[in-house]
Amino acid sequence: PPPSSWGPAFASVSDARRRAADGLSVLATRNYEDMARNTASRTYRIRKAVERLVATYFPSLWKPQYSMVTFSRMPYDEILRRDAIQEATISALCAAAGLASCLSALAAAKFFLALRMK
C-alpha cells in the first residue's frame, strides 16, 4: 500500500486532471456547436478574421483557441479561462468600433489584453 502521505498528492493531481477533463468536454461541445451553427454566419467569419489579425499583430498577448489547444501544453481549463478573456475583448472591440472598422481598434486591443492577461 502507498504511504499515507501520498493521499494529498493523489487528491491534488486528481483535482487538476478533473478540471482539465471538464475543460476538454466544454471545448469539444463548443467546437461542435461552432461547426454546426456558426460557420455559415458572416458575423462569425468577420470575428474570426479580426481574431487572426489581433493574433498576427500581438502574438505575445493573443493566442487563438485552436492554437492553444493544438500547439501548447496548456491545461484545457486554462484555455477556457484565457478564451473567455479573449472573447470579451473581441466583443468589446467589435461593439466599440463596429464590425466594419474593427481594424482601427487594434491599439485598444493591445492595451486591454495587457491589463486582462496579468
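Throughout, numbering of the chain's residues begins at 1 and tracks the sequence. Everything quoted here is computed from the prediction, not taken from an experiment.
When hydrophobic clusters are built by joining Ile, Leu, Val, Met, Phe, Trp and Tyr residues whose side-chain heavy atoms come closer than 4.5 Å, directly or via intermediates, Met74 is grouped together with Leu24. Linking ILVMFWY side-chain heavy atoms closer than 4.5 Å, directly or via other members, places Ile85 and Leu80 in two distinct hydrophobic clusters. A continuous path of Ile, Leu, Val, Met, Phe, Trp and Tyr side chains, each step under 4.5 Å between heavy atoms, connects Val50 with Leu61, placing both in one hydrophobic cluster.
Listed by chain and residue number, Asp15, Ala16, Asp77 satisfy the side chain to side chain contact (heavy atoms under 4.5 Å, CB included) test with Arg19 (two or more places apart in sequence, or in another chain). Annotation: side chain to side chain contact (heavy atoms under 4.5 Å, CB included) contacts of Arg42 (sequence neighbours excluded): Arg45, Ile46.
For Glu51 against Trp62, the heavy-atom pair with the smallest separation is O-NE1, 3.7 Å.
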Which donor-acceptor pairs under 3.5 Å do side chains of residues 63-70 form with protein atoms, sequence neighbours excluded?
residue, atom, partner, partner atom, Å
Lys63, NZ, Pro59, O, 2.4
Gln65, NE2, Asp83, OD2, 3.0
Thr70, OG1, Tyr66, O, 2.9

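A salt bridge (charged side-chain N to carboxylate O under 4.0 Å, His left out) check over residues 20-37, counting only residues at least two apart or in different chains, returns the pairs Arg18-Asp22. For the salt bridge (charged side-chain N to carboxylate O under 4.0 Å, His left out) condition, the pairs that include at least one residue of residues 84-96, sequence neighbours left out, are Arg47-Glu87.
Without hydrogens or angle criteria, Ser12 side chain to Pro8 main chain gives no donor-acceptor distance under 3.5 Å.
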